[in-house]
Structure formats: C-alpha cells, structure tokens
Amino acid sequence: MPNDRPALPDAVFHRDGERFVPTELARGPWDPNAQHGGPCAALLAGLLEQHDAGPPAHVARMTIELLRPVPMQPIELRARTLRPGKKVQLVEGSVLADGTEVVRATALRIRVADLEFADPPDDRLTPGPGERRERFENLGPLNFGFAMEMSMARGEIGVPGPAAVWFRLAVPVVADEEPTPLMRVAAAADFGNGISGAVTWDEHLFINPDLTIYLHRLPAGEWIGLDARTWPTHDGVGIADAALYDEDCRIGRSVQALLLDRR
C-alpha cells in the first residue's frame, strides 16, 4: 500500500443515540457535501437483515434507491415490514436527514432450509486478493474510497473499460461494531460503476441513482470481489453490471442504473 495514505477516522459513522454521525470517510466522489452511496447501503443492509427477524432467513435481493443527495450530516434509519410470511418476507428501510427521506431500500428475505443439491460449478474470480493494491477516488479530501482496501484482479482504476477488483473495509461502517457479511457486500457493490466506467472521470459524470444486489449466499471472509462492466448509451443512460464473489466462488450479482452526462 502507498506510504502517504492519510490517517483515517476509526469508522465511517459514529452512533449518537438513534443517529449516525458521518466522518469524512462517508463522503462521495461527485459532491464534497454529499455522502457516497456505499455507506448508506451498508447501514440499510444491517437494518433490513435484522428488522422484525423471525426464523432464519436469507436476504436474496436488496434494492437501494438514492432519492436525493445524502448530506454530510447526521442521519437516522427507519424500517417496516411490507409483507410478513413464513417463507418469503419483504421489508423496507429508509435513511432520513432532518426528517426527509433521502434513501429507500427494500429487501426480499427467503426462509433458509436444508436441501440436498449437487455442488455448483467452480466459478472463482482470479487472481484473488494479492499484492497489487491501489486507492480508489484518490482525489480531493478523504472520502469513502479511502475506507476500502483494494486489490486489482483485472483492469486499471481511472481507465475506461471493464475491471475486476477485490474490496475489503479498512475501518468498520459503525464505530466499535463488526460489519455483517451482507453489510460488507453492500459497501463494496456500489463501486461497480466506478471501477468499470466506460467514459472518463475528468469529462463525464456516471452517477447511479440505484443499486440492486442479488445473493444466493452470504460471503465468507472479508474480501468482496466485483467483476464489473458498464454499458453506456448515447441517450445518457447506462447500466453497470457486476458479478460478486468471495474468495471461494461467485455469490451473486449487482446492477446499477446510470445517469450519464458531461461535467
């Protein structure tokens, strides 16, 4: 890792009663006064997997809608059950800033059962996490890119085109709290459009107003791999699509709709 990395805050957020107070690591790449999508996605992941919990259930799909820029100020979380059920449940969570909903998420939870199937084909992202480390969004002040350790598998940061990158949280999402496996996935998955941009950072914006994650199982270990590609159009709309991995095999997929524009 580079030796000139600045000293980091101890977490992305600190709890203050029901509020989550962002540190500089919550900041996003497009606006210094707005948070990155990854921190809120991770908070909502932790909320929705625990809300109204009954028998063991797996979050098979989570969709995060970034309704408005999330300001760099304390936020609160709310959750409710949209559809209770023994086998399938749908829960919803929100991020509020000054009482205004800025992010909304829904999670589809499916009951867990012990069933016998043949093992799936060996599908791994190679090479695994190694010595080739880089920073992401190493521009301007501290931001969420500095909260992630990265290991390149394919491609190059800042160069348009597909890329495969391993991510690991360098600090907890919430101070003194261990991130859950689902929170680790949500924190990493929002980088899909950033690592696979089809246009340049200097001349273009490619902001994702949403993020959907599908998981057939939770990751083992701290490293989350994204094998990502962006599909742009001349209409200013695009899709960033990423296969998700842990160090053993593929675990799911993430998709982001993109707003493409010139700076």
Side-chain angles (χ1 to χ4, degrees), residues 10-13 15 20 25-26 36-64 77 79 88-93 95 103 105-115 117 119-120 122-126 128-129 136 144-145 147-151 153 164-192 195 211-228 242-256:
D10 63 345
V12 183
F13 294 100
R15 281 188 185 267
F20 294 85
L25 292 178
H36 193 286
C40 284
L43 286 179
L44 287 166
L47 174 72
L48 294 180
E49 64 184 338
Q50 298 170 13
H51 173 70
D52 199 11
H58 171 72
V59 176
R61 189 264 298 159
M62 184 170 71
T63 296
I64 301 103
L77 304 182
V88 178
Q89 305 133 24
L90 189 64
V91 293
E92 180 184 76
V95 174
V103 184
T106 55
L108 180 69
R109 303 191 309 209
I110 298 176
R111 65 90 181 94
V112 175
D114 187 8
L115 301 175
F117 288 104
D119 291 336
D122 185 5
D123 184 4
R124 300 189 180 195
L125 176 58
T126 57
F136 187 66
F144 190 54
M148 305 295 286
E149 293 184 1
M150 298 175 52
S151 178
V165 181
W166 291 96
F167 290 91
R168 179 171 67 180
L169 283 164
V171 298
V173 176
V174 181
D176 300 320
E177 298 182 18
E178 181 70 17
T180 70
L182 183 62
M183 292 175 69
R184 293 184 185 278
V185 172
D190 195 60
F191 284 96
I195 64 173
L211 167 66
T212 296
I213 300 167
Y214 292 94
L215 293 174
H216 55 268
R217 73 167 177 83
L218 290 172
E222 297 181 348
W223 287 100
I224 308 298
L226 276 68
D227 190 355
L244 303 175
Y245 296 83
D246 65 9
E247 293 187 71
D248 293 330
C249 64
R250 183 166 169 171
I251 60 173
R253 177 172 294 281
S254 65
V255 182
Q256 300 161 291

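When a residue number appears, it is its place in the shown sequence, counting from 1. Keep in mind that this is a model prediction, so the values were computed, not measured. Reckoned from all heavy atoms, side chains included, excluding hydrogens, waters and symmetry mates.
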Testing the basics here: between Glu247 and Pro129, what is the closest heavy-atom pair and its distance to 0.1 Å?
OE1-CD, 3.7 Å

Do the non-hydrogen side-chain atoms of Glu49 and Met62 ever get within less than 4.5 Å of each other?
no

What pairs meet the salt bridge (charged side-chain N to carboxylate O under 4.0 Å, His left out) rule with one or both residues in residues 169-182, with sequence neighbours excluded?
Arg15-Glu177, Glu178-Arg184

The reported gap from CG in Leu226 to CZ in Phe167 (rounded to nearest 0.5 angstrom) is 6.0 Å

When rounded to the nearest 0.5 angstrom, what is the spacing between CG in Asp122 and CG in Asp248?
9.5 Å

About how many Å separate CG of Leu90 and CG of Leu48, when rounded to the nearest 0.5 Å?
9.5 Å

What one should report as the nearest heavy-atom pair of Ala107 and Val59 is CB-CG1, 4.1 Å

Non-neighbouring partners of Asp246 that pass salt bridge (charged side-chain N to carboxylate O under 4.0 Å, His left out), sequence neighbours left out
Arg217

Okay, side chain of Gln256, backbone of Asp190: is any donor-acceptor separation there less than 3.5 Å?
yes

If you measure from CD on Glu92 to CG on Leu47, what distance do you get to the nearest 0.5 Å?
10.5 Å

Would you call the rings of His36 and Phe191 parallel, tilted or perpendicular, where under 30° means parallel and over 60° means perpendicular?
tilted

Side chain to side chain, Val185 and Pro219, heavy atoms closer than 4.5 Å
yes

Heavy-atom side-chain contact between Val95 and Leu43 under 4.5 Å:
no

Apply side-chain hydrogen bond (donor to acceptor under 3.5 Å, both in side chains) to Arg61 and list each qualifying residue two or more places apart in sequence or on a separate chain.
Thr106

Just to verify, what does Arg250 make a salt bridge (charged side-chain N to carboxylate O under 4.0 Å, His left out) with, not counting sequence neighbours?
none

First locate atom CD1 of Ile251, then atom CD1 of Ile224, and finally report the distance between them rounded to the nearest 0.5 Å.
5.0 Å

All heavy atoms of Ala228 vs all of Gly192, minimum pair found to be CB-O, 3.7 Å

Nearest 0.5 Å please: distance from the CG atom of Leu244 over to the SG atom of Cys249.
12.0 Å

Heavy-atom closest pair, residues Phe13 and Pro39
CE1-CB, 3.5 Å

Side chain proximity check, Tyr245 to Trp223, heavy atoms < 4.5 angstrom
no

Where is the tightest heavy-atom contact between Ala186 and Ala45, given as atom of each residue plus distance?
CB-CB, 3.9 Å

Can you sort out the partners of Gln89 under side chain to side chain contact (heavy atoms under 4.5 Å, CB included), two or more places apart, ordered by chain and number?
Ala57, Arg109

Going by side chain to side chain contact (heavy atoms under 4.5 Å, CB included), name the residues that satisfy it together with Val171, two or more places apart in sequence or in a different chain.
Leu8, Val12, Leu25, Ala147

Considering all heavy atoms, the nearest Gly225-Leu125 contact
CA-CD2, 3.8 Å

